[in-house]
Amino acid sequence: ESSATCKVCEGMEEMTEPLKQCTAWLRAYFCEPARMTSLPVPAFHHPLLRRDSFTRQVLWTLLRDVKFGEAVSYKQLAVLAGNSRAARAVGGAMRSNPIPIIIPCHRVICSSGQSGNYGGGNLMKEWLLSHEKLQKEKLAY
């Protein structure tokens, strides 16, 4: 159970609209997951997400199709993204994800059920997966 409180430091009024959206989304993710479905996904301007590539396809598929509290294997995500033989390429896409948590690469696990690697560290990946599972269970009640 997270003991952190969610608060945005001073200066909120000086933020641009995209940064306010991102802040609201992250606050909802960590503190009020039920609100996430009513919030727009923050705008992405990273060049990797604008190029037409398999990496972009994988990241957008992950964002769109793998919901809060769910997990998918690298192979399953490759199938969802349109290339069933590209599980290794999915791993590469996860490594190049410019906005982890928002594009939830922590939800991608090994076919064996092991969590696999995560750029933020395996303990962080396990925490994020546990956070989502716990919050999803709370929402079900």
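Between the side chain of Lys75 and the backbone N or O of Val72, no donor-acceptor pair lies under 3.5 Å. The closest donor-acceptor contact from the side chain of Asn97 to the backbone of Ile103 lies under 3.5 Å. Lys136 contributes no side-chain N or O that, together with a main-chain N or O of Pro33, makes up a donor-acceptor pair within less than 3.5 Å.
When every heavy atom of Leu139 is checked against every heavy atom of Ala34, the shortest pair comes out as CD2-CB, 3.4 Å. Taking both residues in full, the closest heavy atoms of Tyr74 and Cys110 are given as CE1-N, 3.9 Å, listed atom of the first, atom of the second, then distance. Taking each heavy atom of Pro98 and Leu59 in turn, the nearest pair found is CD-CD1, 4.2 Å. Closest of all the heavy-atom pairs between Ala87 and Ala78 is N-CB, 3.8 Å. A pairwise comparison of heavy atoms in Met94 and Cys105 identifies SD-CB, 3.3 Å as the closest pair. Of all heavy-atom pairs spanning Pro104 and Val66, the tightest one is CG-O, 4.5 Å.
Residue Lys133 places its NZ atom among 12 or fewer non-hydrogen atoms of other residues, nucleotides or ligands, all under 6.0 Å distant. Atom CZ of Arg64 has more than 12 neighbouring heavy atoms from other residues, nucleotides or ligands inside a 6.0 Å radius. Heavy atoms of other residues, nucleotides or ligands lying less than 6.0 angstrom from CG of Asn117 number 12 at most.
Rounding to the nearest 0.5 Å gives a distance of 13.5 Å between CD of Gln76 and OG1 of Thr61. The structure places CG of Leu134 at 5.0 Å from NZ of Lys138, a figure rounded to the nearest 0.5 Å. Taking CG from Leu129 and CD from Glu126, the interatomic distance works out to 6.0 Å, rounded to the nearest 0.5 Å. Here Gln114 contributes atom CD and Ser73 contributes atom OG; the two are 13.5 Å apart, rounded to the nearest 0.5 Å.
Hydrophobic clustering, with ILVMFWY side chains joined whenever heavy atoms are under 4.5 angstrom apart, groups Phe68 together with Leu63. With hydrophobic clusters built from ILVMFWY side chains whose heavy atoms lie under 4.5 angstrom apart, Val90 does not share a cluster with Val79. Note on Val108: it clusters hydrophobically with Leu128, by side-chain heavy-atom contacts below 4.5 Å among ILVMFWY residues. The hydrophobic cluster containing Ile99 also contains Trp25, counting ILVMFWY residues as joined when their side-chain heavy atoms lie under 4.5 angstrom apart, directly or transitively. Residues Met36 and Val41 fall within the same hydrophobic cluster, defined by Ile, Leu, Val, Met, Phe, Trp and Tyr side chains chained together at heavy-atom separations under 4.5 Å.
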task: Determine, stepwise, if the pair Arg107 / Glu70 fulfils side-chain contact (heavy atoms from CB on, under 4.5 Å).
output: CA-CA 7 Å; Arg107 295 180 189 157; Glu70 296 178 359; 5.5 Å; no
message: Test side-chain contact (heavy atoms from CB on, under 4.5 Å) on Ile102 and Leu26; report intermediate values, then the result.
response: CA-CA 8 Å; Ile102 295 176; Leu26 288 168; 4.2 Å; yes
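Taking the six-membered ring where the residue is Trp, Trp127 and Phe30 present tilted rings, their angle falling between 30° and 60°. Relative orientation of the Tyr29 and His131 rings is tilted, given thresholds of 30° and 60° on the angle between their planes. Note: His106 and Tyr118 have perpendicular aromatic rings, judged against thresholds of 30 and 60 degrees for the angle between ring planes.
Side-chain contact between Leu80 and Leu62 is absent, with no heavy atoms from C-beta onward closer than 4.5 Å.
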